[in-house]
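Heads up: the structure comes next, in structure tokens.
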Amino acid sequence: ASSGKAADAAAKVAAVAGDVGRDAGLLADAMPMGGLENVSLRPGDSLLPNRLSDKPIMQYSDSSGNCEVKVRDWVAPVQVYIRMEGLGTVGAAKSLTESLTGAMGKLGNDEEVEVLVDMVTARGAWPRSLPIVVGFLRRFGPRFTTVNVVGRGPSIDAARACVYLARLHKIRIFPNYAEMKKSHRGLTFPETAKNVGLSK
């Protein structure tokens, strides 16, 4: 039974990957290093929050869902926290990747970066949004020390497709925060302690 489930999951990833793989390489080449078009930032605002500030550098919301990004550059390794809710749209993907592109451009090339993606309440993603994410991951994925994704369902099928197409190897996917903690991953993120406590 377990082998059947694994085969089904692999088939889902392959199906999604086939749909989005053609455009991802072009997006990776075209994505500007410092490009940022973010509705949450006003002209003159700093891209990264002030040191020790935990305010999101990006918050996006539309009728399908919302997402936010936090970058904690005062800790080592640098922490990037991404929370996604609802259905991922093209607008959300663009805002997310443009914000992260600008943030990565302001970090030193030798700085280690840990990423935590919270997709617990995400429901999936529009197919047209996936090449945007894959293009970003192909360009910046090698900079990430570890990537942990928490969630299940259709959103994780989309995440697996992006990981496969971006050729990332340092990523782990967990169904919930408690399982991630058991694997001793993401322990330095405050969201881990908060969500494990809520699940008890």
N/O donor-acceptor pair under 3.5 Å between [X] side chain and [Y] backbone:
X: Thr192; Y: Gly186; answer: yes
X: Gln79; Y: Thr188; answer: yes
X: Asp157; Y: Arg160; answer: no

Residues two or more places apart in sequence or in another chain: which of them pass side-chain contact (heavy atoms from CB on, under 4.5 Å) with [X]?
X: Ala159; result: Met119
X: Val113; result: Val78, Val80, Met104, Leu107, Val115, Phe144
X: Glu112; result: Pro77, Thr145
X: Glu85; result: Asn66, Arg83, Thr121

Spacing of [atom1] belonging to [X] relative to [atom2] belonging to [Y], to within rounding of 0.5 Å:
X: Ile156; Y: Ile173; atom1: CD1; atom2: CD1; value: 5.5 Å
X: Lys94; Y: Thr101; atom1: NZ; atom2: OG1; value: 13.0 Å
X: Phe136; Y: Leu100; atom1: CZ; atom2: CG; value: 4.5 Å
X: Ser99; Y: Ile57; atom1: OG; atom2: CD1; value: 5.5 Å

Requested in this report: Scan for salt bridge (charged side-chain N to carboxylate O under 4.0 Å, His left out) pairs involving residues 171-180, sequence neighbours excluded, and state none if there are none.
Outcome: Glu179-Lys182

Query raised in the report: Remaining members of Trp126's ILVMFWY cluster at a side-chain heavy-atom cut-off under 4.5 Å?
Result: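 Via sub-4.5 Å side-chain contacts, Trp126 links to Leu87.
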
